[in-house]
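All values reported here derive from a predicted model rather than from experimental measurement.
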Amino acid sequence: MMPYMHRPRLAIDPFYDKATSTVTYVVADPDNGRCAIIDPVLDYDPRAARTHTRSADALIEHVRSRQWTVDWILETHAHADHLTAAQYLKTALGGQTVIGEHIQAVQETFAQLFNLGESFPVDGSQFDRLVSDKEELPLGAFSIQVMHTPGHTPACVSYVIADAVFVGDTLFMPDYGTARADFPGGNARTLYRSIRRILALPSSTRVFTCHDYPPEGRGPAWESTVEYQRHHNAQIHDGVDEAQYVQAREERDKTLAAPVLIWPSLQVNIRAGHLPEPDANGIAYLRLPLNVLGAD
């Protein structure tokens, strides 16, 4: 009889934020007590311009109750629809903040747009670690494999861990489709190729999305498989070629409004979750560039 071989198990705990339709994940090797947090949310009330930490505090309670150690706080990209709680979590739980190395291109674009001046570095140094395509990070008995998946933004990455891939905004649930590609540096053709790369993973690979916008009649969901996406994704199922996808994606993007939190989110997220430094009066400010987005 063959001796018993213990197989490590991967724990994936989702946290859904209804206000921003964001799903944050705590991914762990519970046998070793090591974990990573993917795309955490800092609550933000745009009417009062006030931040809260309820969502992040739930993550902290979850991790501490299990006595896990946070190794990584992973960003799939600089989000335009929610603020990241990366720095708050790092202070409370430790871990290194991580994002794709092409964040520098995103920082350059928005540092100019927000007129942040020469004092704002555009080298990604606000993050603890910049990762490149095919790079691996340890997570207990597992490894986190980085997949550069640009198109929504130049800096988007997906994280492959065991039989799961965390795709950020690149893919949504199959009945909704895929990310938009009209943000600065976005490109529908590039997005198509990135998604096809994700869909070339083994068919049983579990696909975890960062957002869900459920149609009427179903509740929030965030897990599918590569096989299901290939057969049922509304925009990029098997049989949809690059030209068809690009035409449909670009037409769709013309109808989309800007995300409600785009300006506060990007100012915080290109800083790796640091809030802007307070002015001389002790108050920190976010900037709103006028007449930049949308039609005249």
Side-chain angles (χ1 to χ4, degrees), residues 10-17 20-25 27 36 38-39 74-77 79-81 100 133-134 142-183 186-253 255-256:
L10 185 68
I12 302 174
D13 296 311
F15 292 78
Y16 180 69
D17 175 54
T20 61
S21 302
T22 302
V23 188
T24 299
Y25 299 96
V27 184
I38 304 177
D39 291 331
L74 306 171
E75 303 284 2
T76 54
H77 63 294
H79 296 266
D81 41 29
D133 188 49
K134 299 181 181 180
F142 299 92
S143 67
I144 303 167
Q145 300 176 358
V146 178
M147 180 183 292
H148 183 214
T149 49
H152 176 56
T153 80
C156 289
V157 296
S158 299
Y159 297 105
V160 181
I161 311 174
D163 69 337
V165 59
F166 299 86
V167 297
D169 292 7
T170 302
L171 275 171
F172 296 115
M173 292 301 291
D175 57 3
Y176 193 84
T178 75
R180 64 195 295 170
D182 60 335
F183 290 158
N187 184 280
R189 195 170 301 279
T190 301
L191 181 59
Y192 178 89
R193 296 172 185 177
S194 292
I195 294 172
R196 295 311 309 182
R197 188 179 177 200
I198 292 171
L199 297 183
L201 292 168
S203 61
S204 61
T205 302
R206 294 178 290 167
V207 178
F208 291 92
T209 64
C210 182
H211 295 282
D212 185 42
Y213 307 100
E216 187 175 354
R218 82 158 170 84
W222 41 80
E223 180 180 352
S224 59
T225 65
V226 163
E227 181 177 19
Y228 198 84
Q229 289 277 359
R230 289 184 63 170
H231 285 91
H232 300 287
N233 188 283
Q235 295 175 340
I236 201 167
H237 56 80
D238 286 359
V240 176
D241 66 25
E242 184 173 310
Q244 291 172 316
Y245 174 78
V246 169
Q247 180 179 357
R249 182 69 265 169
E250 291 180 345
E251 289 178 357
R252 169 68 173 151
D253 288 347
T255 71
L256 299 178

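Proximity of a side-chain donor or acceptor of R249 to a complementary backbone N or O of A179 within less than 3.5 Å is detected. Panel note: side chain D212, backbone W222; no donor-acceptor pair is recorded below 3.5 Å. A donor-acceptor pair under 3.5 Å is formed between the side chain of T153 and the backbone N or O of A155. Remark: side-chain polar atoms of S194 are paired, donor with acceptor, to backbone N or O of P150 under 3.5 angstrom. Looking at D133, its side chain does come within 3.5 Å of a backbone N or O of H148 through a donor-acceptor pair.
E75 and Y159 get closest at one heavy-atom pair: O-OH, 2.8 Å. When all heavy atoms of L201 and T205 are compared, the closest pair comes out as CB-OG1, 3.8 Å. Across V226 and P202, no two heavy atoms sit closer than the pair CB-O, 3.6 Å. The two atoms that bring I236 and R196 nearest to each other are O-NH1, 3.3 Å, heavy atoms only. Residues Y213 and S21 come closest through the heavy atom pair CE2-CB, 3.6 Å. Residue I144 comes nearest to A36 through the heavy atom pair CD1-CB, 4.4 Å, listed as atom of the first residue, atom of the second, then distance.
Residues Y25 and L74 have side chains not in contact (no heavy-atom distance under 4.5 Å, counting atoms from C-beta outward). Counting heavy atoms from C-beta on, the side chains of N233 and L199 never come closer than 4.5 Å. Under the 4.5 Å side-chain criterion, counting only non-hydrogen atoms from C-beta, Q235 is not in contact with V240. A 4.5 Å side-chain heavy-atom check between I198 and Q229 finds every atom pair outside the cut-off. Residues E223 and I12 have side chains not in contact (no heavy-atom distance under 4.5 Å, counting atoms from C-beta outward).
Atoms CE and OH, from M173 and Y228 in turn, are 8.0 Å apart once rounded to the nearest 0.5 Å. Atom OG of S224 sits about 13.0 Å away from atom NE2 of H231, to the nearest 0.5 Å. Taking CE of M147 as the start and OG of S158 as the end, the distance is 6.5 Å to the nearest 0.5 Å. Interatomic distance, NE2 of H79 versus SG of C210, reported as 4.5 Å (0.5 Å rounding). Taking CG of L171 as the reference point, atom OG1 of T149 lies at 9.0 Å (rounded to 0.5 Å). One finds the CD atom of E250 at 10.5 Å from the CG atom of L191 (value rounded to the nearest 0.5 Å).
For the ring-ring contact (aromatic ring centres under 6.0 Å, His included) test with F208, the passing option among F15, F166, Y16 is F166; the others fail. Screening V27, T24, V23 for a side-chain contact (heavy atoms from CB on, under 4.5 Å) with I38, the sole residue that qualifies is V27. Checked options Y192, F183, F172; the residue passing with H152 is F183 (criterion: ring-ring contact (aromatic ring centres under 6.0 Å, His included)).
Comment: D253 does not engage R180 in a salt bridge, judged by the lack of any side-chain N to carboxylate O separation of less than 4.0 angstrom.
Checking Y176 against T209 by side-chain atom types alone, no donor-acceptor pair falls below 3.5 Å. Remark: the T76 side chain and the D39 side chain contain an N/O donor-acceptor pair separated by less than 3.5 Å.
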